[in-house]
Amino acid sequence: MSEKTLSLSTASGSSEPHLSRSMSSRHIQFLAIGGAIGTGLFMGSGKTISVAGPSVIFVYMIIGFMLFFVMRAMGQLLLSNLNYKSFSDFAGDLLGPWAGFFTGWTYWFCMVVTGVADVIAIAGYANELWPGIPLWIPGLATIVMLLALNLPTVKAFGETEFWFALIKIVAIVALIVVGLVMIFTGFQSNAGTASFTNLWSHGGFFPKEFMGFVAGFQIAVFAFAGMELVGAAAAETKDPQRNLPRAINAIPVRIMLFYVGALTILMAVVPWTEFKAGHSPFIAMFSLAGLGIAATVVNLVVISSAMSSANSGIYSTSRMVFGLANDGDAPKMFGKLSSRKVPQNALFLTCVLLLAGVVLLYAGKDIGAAFDMVTTVSAVCFMFVWAIIMASYLAYRKRRPGNHAASSFKMPGGIPMAWTVFAFFGFIIWTLTTQEATLTAMLATPVWFAFLGLAYAVVRKSPHHQARLAEWKALAEAEEALNQKQAASV
C-alpha cells in the first residue's frame with residue numbers, strides 16, 4: 001500500500017458531483033492578481049500611511065513575504081492530490097473532519113462579511129458619483145448583477161474577474177507612471193517638490209517610531225485577504241499542475257509592483273504628512289497632476305475594486321458551501337450543481353446574505369467605524385484560515401514524507417519556515433491589541449468560533465460524520481504504521 005492511496009478525499013470524492021475545470025491560465029493569473037490587490041489598497045492606504053509613515057513600505061513587504069509561504073504551502077498541498085477542491089478539503093484530510101468544518105465555514109463567514117462591507121462601500125461611492133441616489137439602489141443592483149454573472153458558467157466568473165482585475169492594474173500602473181513623471185520633472189505643489197527625498201526628509205522612514213510601524217500591520221493585513229482565492233478555485237482550474245504554480249510564484253512580483261511601488265510613488269510625490277484616513281491618496285495625487293476628473297475616475301476604480309472583491313466572495317463562498325454540503329457539513333441542497341456545473345443553490349444563499357449590506361446602509365451613519373470593525377474581524381478569521389493551511393502543511397510533512405519528497409512544487413524553507421509564519425501571526429494578533437478599536441473587534445471574534453463549536457458538536461453526532469471520522473482515524477493509523485515500517489527498513 002502506497003502513501004498515495006491513503007487519502008480521505010480520494011476515498012470519498014468519486015460519488016460527488018464534479019465542478020467543471022473551465023478557468024484558463026489567463027483567468028487564474030488575473031484571479032490571483034485580483035486577490036493580491038485588495039480593496040484596502042485604494043480605500044485604506046491613506047490611513048495606513050498616516051499612522052506608519054514611510055515605514056508602511058516595509059509593512060507591506062513583510063506581510064507579502066510571509067503570506068507567500070502560506071500560498072506556496074497551499075499550492076503544494078493542492079497539487080499533492082487533485083481531488084482536493086479547496087484548502088478546506090486538505091485541512092479535513094490531514095488534520096481531521098473538524099478542521100474541514102471550521103476552515104470551510106470560517107472562510108465562508110470571512111467572505112460574506114467582507115462582501116457585506118463591499119456592498120456598503122459600493123453604495124457609498126456611488127452616492128458620491130450620483131448625489132442623492134437612494135443607497136439601496138446601487139447596493140441591490142450590485143448583488144443582482146453579480147448573481148447574474150456567476151450563474152451561467154464558471155468561465156463567466158473568470159472572465160468578469162479578468163476585467164475587474166485589469167481595471168485595478170491599469171489604475172495602479174497609471175499612478176506609477178504619472179508619479180514618476182512628476183518626480184523626474186521636479187513637480188511643484190503646495191505640499192512641496194515631488195522627490196524621492198520625501199520618503200526620508202519628514203522624520204525619516206520611521207517617523208512614529210516602533211509603535212507607529214506596528215500600527216501599520218493591523219490595518220495593512222486586511223488588504224491581503226483574498227490571496228488564497230486561487231486555492232478556492234483549484235477544482236475549476238484547467239491544467240492545475242501548470243497554472244497554480246505560475247499564479248502563486250508571481251505573488252512577490254505583484255506585491256513589489258502594486259503595493260510597494262504604488263505607495264513609494266505616492267509618498268515621493270506627496271509627503272506622508274499630507275495623507276489622512278478616509279481620503280484616497282490616489283485621488284490626491286491625480287488631482288495634484290492637474291487631472292480634473294481624478295475624483296470621478298478613482299471613484300469608479302474603487303467601485304470596480306469593491307465589485308471585484310464582492311464577485312470573488314460570491315464565487316468562493318458558493319464553492320466552499322458546495323464542498324461542505326458534499327462532506328455532510330452543510331444541508332444537502334447546497335451540494336447540487338446546475339446543468340452548467342454551477343452550485344446555484346449555494347450562490348443564492350450568499351446573495352441573500354449580502355442583502356444584509358443593503359439593510360446596514362440604513363442602520364447607522366458611522367459607516368467608517370463599521371468598516372473598521374468588519375476589517376478587523378475578517379483579518380482575524382483570515383489568519384485562522386492561513387494558520388490552518390500551515391498546520392495542514394506540517395501534518396502533511398509528518399504523515400506523507402514520501403509524497404513530499406516526490407513533490408515538484410515544495411514550499412521553500414520547509415518546517416522551520418512554517419513555524420516562522422506562525423510566529424508572525426502571533427505578532428499580528430499582538431498588534432491588534434494595541435489599539436482600542438481593533439482590540440474590541442478581536443475580542444468579539446471568538447463568538448463566531450464558539451458558535452461553530454456548538455454547531456460542530458451537533459453535526460459530528462450524525463452517522464455520516466461518525467463514518468468520516470472513523471475513516472480518517474483508520475487512514476491516519478495506516479499512514480503512521482507505513483511510516484514506521486519504512487523507517488525501520490532504512
Side-chain angles (χ1 to χ4, degrees), residues 36-70 191 195-225 227 251-252 254-282 284-285 368 371-373 375-380 382-383 386-387 417 419-442:
I37 310 172
T39 310
L41 178 62
F42 296 102
M43 297 173 64
S45 54
K47 182 177 181 180
T48 317
I49 294 171
S50 68
V51 301
S55 67
V56 73
I57 295 171
F58 303 112
V59 169
Y60 280 98
M61 288 176 69
I62 293 170
I63 297 174
F65 176 77
M66 291 296 180
L67 291 185
F68 170 67
F69 292 97
V70 177
S195 170
F196 284 115
T197 59
N198 284 328
L199 293 171
W200 57 82
S201 60
H202 296 270
F205 275 104
F206 296 87
K208 297 199 173 182
E209 301 180 337
F210 180 70
M211 292 311 295
F213 180 59
V214 164
F217 282 92
Q218 64 184 17
I219 304 167
V221 71
F222 177 73
F224 290 86
M227 288 183 73
I251 286 174
R254 295 180 186 124
I255 298 302
M256 292 300 295
L257 175 62
F258 299 128
Y259 283 99
V260 178
L263 294 176
T264 299
I265 295 298
L266 282 169
M267 291 183 288
V269 173
V270 182
W272 72 269
T273 52
E274 300 293 318
F275 293 104
K276 297 178 182 178
H279 296 274
S280 170
F282 284 72
M285 206 202 79
F371 189 80
D372 287 343
M373 176 73 77
T375 55
T376 302
V377 171
S378 293
V380 174
F382 274 114
M383 274 194 292
W386 296 335
M417 195 63 224
W419 286 111
T420 302
V421 173
F422 276 121
F424 175 71
F425 288 159
F427 167 73
I428 293 294
I429 293 296
W430 172 73
T431 68
L432 295 174
T433 68
T434 61
Q435 299 291 325
E436 184 178 350
T438 52
L439 176 61
T440 301
M442 191 184 72

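To the nearest 0.5 Å, the span separating OH on Y259 from CG on L263 amounts to 9.0 Å. Here CE of M383 is found 6.0 Å from CD1 of I428. Values are rounded to the nearest 0.5 Å. A distance of 13.0 Å separates OG1 in T48 from CH2 in W272, rounded to the nearest 0.5 Å. Atoms CE and CZ, from M66 and F425 in turn, are 9.0 Å apart once rounded to the nearest 0.5 Å. Considering CG of N198 and CG of L266, their distance stands at 12.0 Å, rounded to 0.5 Å. Put simply, CD1 on I57 and CD1 on I49 are 8.5 Å apart, with the number rounded to the nearest 0.5 Å.
Considering only heavy atoms from C-beta on, V56 stays 4.5 Å or farther from F217 through its side chain.
The side-chain contact (heavy atoms from CB on, under 4.5 Å) test applied to S195 returns T197, not counting sequence neighbours. Residues satisfying the ring pair (Phe, Tyr, Trp, His ring centres under 6.0 Å) test with F206, not counting sequence neighbours, are F58, F213. Listed by chain and number, the residues in a ring pair (Phe, Tyr, Trp, His ring centres under 6.0 Å) with W419 are F422 (sequence neighbours excluded).
Within the 3.5 Å criterion, the main-chain N or O of S55 finds no donor-acceptor partner in the side chain of K208.
Taking every heavy atom of both residues into account, I63 and A220 meet most closely at CD1-CB, 3.9 Å. The nearest pair of heavy atoms linking P207 to A52 is CD-O, 4.1 Å.
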May I have the step-by-step check of side chain to side chain contact (heavy atoms under 4.5 Å, CB included) for F275 and M267, ending in yes or no? CA-CA 9 Å; F275 293 104; M267 291 183 288; 4.1 Å; yes
Using side chain to side chain contact (heavy atoms under 4.5 Å, CB included), reason through L432 and L439 one step at a time and then give a plain yes or no. CA-CA 6 Å; L432 295 174; L439 176 61; over 6 Å; no
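By the 30° and 60° cut-offs, the orientation of the rings of F69 relative to F65 is perpendicular.
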